[in-house]
**Q** 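Can you read through this structure? Questions will come right after.
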Protein chains: 2
Amino acid sequence: MNDQPAPSYRPLYQQIKEALLSRIVSGVWPPGTYIPSESALSQEYGVSVGTLRKAVDALANEHVVIRHQGKGTVVATHDSDRSLFQFFHFVRFDGSRSLPVSRVLQRRCRQATLEEAQALEIEEGTVVVHIQRIRVLDDVPALLEDLVVDAKRFPALENEPQTLPNTLYQLYQQKFSQSVAKAEERLLAVVAGQQEQKHLGVEIGSPLLEVRRIARGLQGEALEYRVSRCNTQHHCYLNEL
Amino acid sequence: MNDQPAPSYRPLYQQIKEALLSRIVSGVWPPGTYIPSESALSQEYGVSVGTLRKAVDALANEHVVIRHQGKGTVVATHDSDRSLFQFFHFVRFDGSRSLPVSRVLQRRCRQATLEEAQALEIEEGTVVVHIQRIRVLDDVPALLEDLVVDAKRFPALENEPQTLPNTLYQLYQQKFSQSVAKAEERLLAVVAGQQEQKHLGVEIGSPLLEVRRIARGLQGEALEYRVSRCNTQHHCYLNEL
DNA sequence: CAGTGGTCTAGACCACTTA
DNA sequence: AAGTGGTCTAGACCACTGT
């Protein structure tokens, strides 16, 4: 997405942005910690405050850090209110948000299918952790989700405590040091099968909204491939352009 | 969306941003024209170049203007490549874009339904122009679109030349001085009916992706309400987060 | 070459948070 | 009151576009 086309000239603030990012990625500044003040950082890097600000601005725009006037700049966590809905677009028809409740149906290791391998940019047959869950919105079982992650990147995820947190990305961040920073979603319409009939309470053949998401880390690595099938009788997917 | 909560303090660059915007809205700087240089504007408003830049930056971020290094800053038009795909999210499954070709099926004036009136923020029964068309992607009739606009805002739209341009928003801008700046889309899954069977060549009861879009002008006024039903056999809706 | 936007500087002051 | 990010200034220089 942010491909620089053979730069030949690289603005200072971009170099500093990457320097800061590498300190976040490497774990020097874990999520939730306040990074040094702008004046301190500008001195450390030997640049003006204005230039350093542009670097931090860029990170703030990508939700990697969050600024708080008077307090400081914190590395973003997936429990901060703001970040919660960057990846969750299902709302009531009037546009109001509703918090999902999750129930895990299945959790096991297996080999990646071709589709999953391509999405995760790994070899077909690589061992992945597969989790299936339903998500309840306003007491309606609205989504049936299947997601896979590379087992090497998330060791022993299948043995995590029985009650997985509602926001899985928080778990990825806290237990596996993997922060989801962006994602691509492909949406299409499909028909409900037996599984959806059973878990979502819809009739076989009824239309569902399918969302295929590739979630990516701070440096664009594919972390998770997720397929959600949603009953859009009571909720819809909202996108603002 | 950009609601300021009783500011009590209003940064200079925001005031200037609105001053610039009002000159665009009022037609002093129509779409496609280059606005004065940053130094000229900074002198006119009696602020520093840096402050004026922040104002223009804000407009550029909202795609109201487009900067061109070495040339100047131009008021955005709907034919500029960049702006074309802000509102068109249908792609092939590999993510590559494909240009739509449109064919108008119907065009007439009638009274707004309740749903349309609410979307357009007008009274139920107000006269609207209703256009129905199909859009072909890669030689596949992929979308069936129904859209309505307030007839008062778009006088005699129903009498426009038989061959409406492919990008309607370009027409809105050139003939009616209405620039679409942002939009909200609600996505859900529906089943195909007779109309979709006839025009999209899908079977009755097969699943379709329905997109309900409210397109808004530079100041947030609802300009158009559009419902698209898409056959997602060969294309999908792509969203990057 | 002149003119544009893009980067960078050094410093002042303001608004907000915390102690 | 001290420290943070947010605004604003005035000016220098760089990269890109036209003529």
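Keep in mind that the numbers below use all heavy atoms, side chains included, and drop hydrogens, waters and symmetry copies. The chains referred to below are lettered A, B, ... by the order of the sequence lines, with proteins before strands, and numbering in each begins at 1.
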**Q** Looking at the side chain of Pro11(B), which of dC8(D), dG5(D), dT7(C) is the nearest nucleotide?
**A**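 My answer, after comparing the listed nucleotides, is dC8(D).
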**Q** Can you tell which of Phe87(A), Phe90(A), Phe88(A) makes a ring pair (Phe, Tyr, Trp, His ring centres under 6.0 Å) with Tyr237(A)?
**A**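 Filter result, single survivor: Phe90(A).
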**Q** Is the shortest heavy-atom distance from the side chain of Tyr45(B) to the side chain of Leu12(B) under 4.5 Å?
**A**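 Sidechains of Leu12(B) and Tyr45(B): no contact.
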**Q** Given atom OH of Tyr13(A) and atom P of dT7(C), what is their separation to the nearest angstrom?
**A**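 After rounding, the gap between these two atoms is 4 Å.
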**Q** For Gln69(A) and Gly70(B), find the nucleotide of DNA chain C closest to each by heavy atoms; which residue's nucleotide sits nearer the 5' end?
**A**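 Nearest-nucleotide comparison on DNA chain C picks Gly70(B).
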**Q** Expressed as a whole number of angstroms, how long is the span from Arg10(A):CZ to dC8(C):P?
**A**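 Whole-Å distance recorded here is 11 Å.
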**Q** So Leu59(A) and Thr73(A), do their side chains get closer than 4.5 Å, heavy atoms only?
**A**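 With C-beta onward as the side chain, the pair stays apart.
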**Q** Please map the stems of DNA chain D, keeping only stretches of three or more Watson-Crick or G-U wobble pairs with both distances under 3.5 angstrom.
**A**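 Output for stems: C:2-18 with D:1-17.
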**Q** Are Tyr225(B) and Gln118(B) close enough that a side-chain donor and a side-chain acceptor fall under 3.5 Å?
**A**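 No, no side-chain donor-acceptor pair sits under 3.5 Å.
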**Q** Phosphate oxygens OP1/OP2 of dT4(D): is one of them under 4.0 Å from a side-chain N or O of Arg67(A)?
**A**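 Answer no for this pair, as no side-chain N or O of Arg67(A) is under 4.0 Å from OP1 or OP2.
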**Q** When you measure from the side chain of Lys71(A), which nucleotide among dT7(D), dC14(D), dT18(C) comes out closest?
**A**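 Among dT7(D), dC14(D), dT18(C), the one nearest the side chain of Lys71(A) is dT18(C).
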**Q** For nucleotides 9-11 of chain C, print each protein N/O atom paired with a nucleotide N/O atom at under 3.5 Å, atom names and distance only.
**A**
residue, atom, partner, partner atom, Å
dT9(C), OP2, Ser48(A), N, 2.9
dT9(C), OP2, Ser48(A), OG, 2.9
dT9(C), OP2, Thr51(A), OG1, 2.4

**Q** Rounded to whole angstroms, how far apart are CD on Glu38(B) and C1' on dC16(D)?
**A**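 One finds 14 Å between C1' of dC16(D) and CD of Glu38(B), rounded.
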**Q** Just how far, in rounded Å, is C1' of dG6(C) from NZ of Lys54(A)?
**A**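 Spelled out: NZ on Lys54(A) to C1' on dG6(C) is 7 Å.
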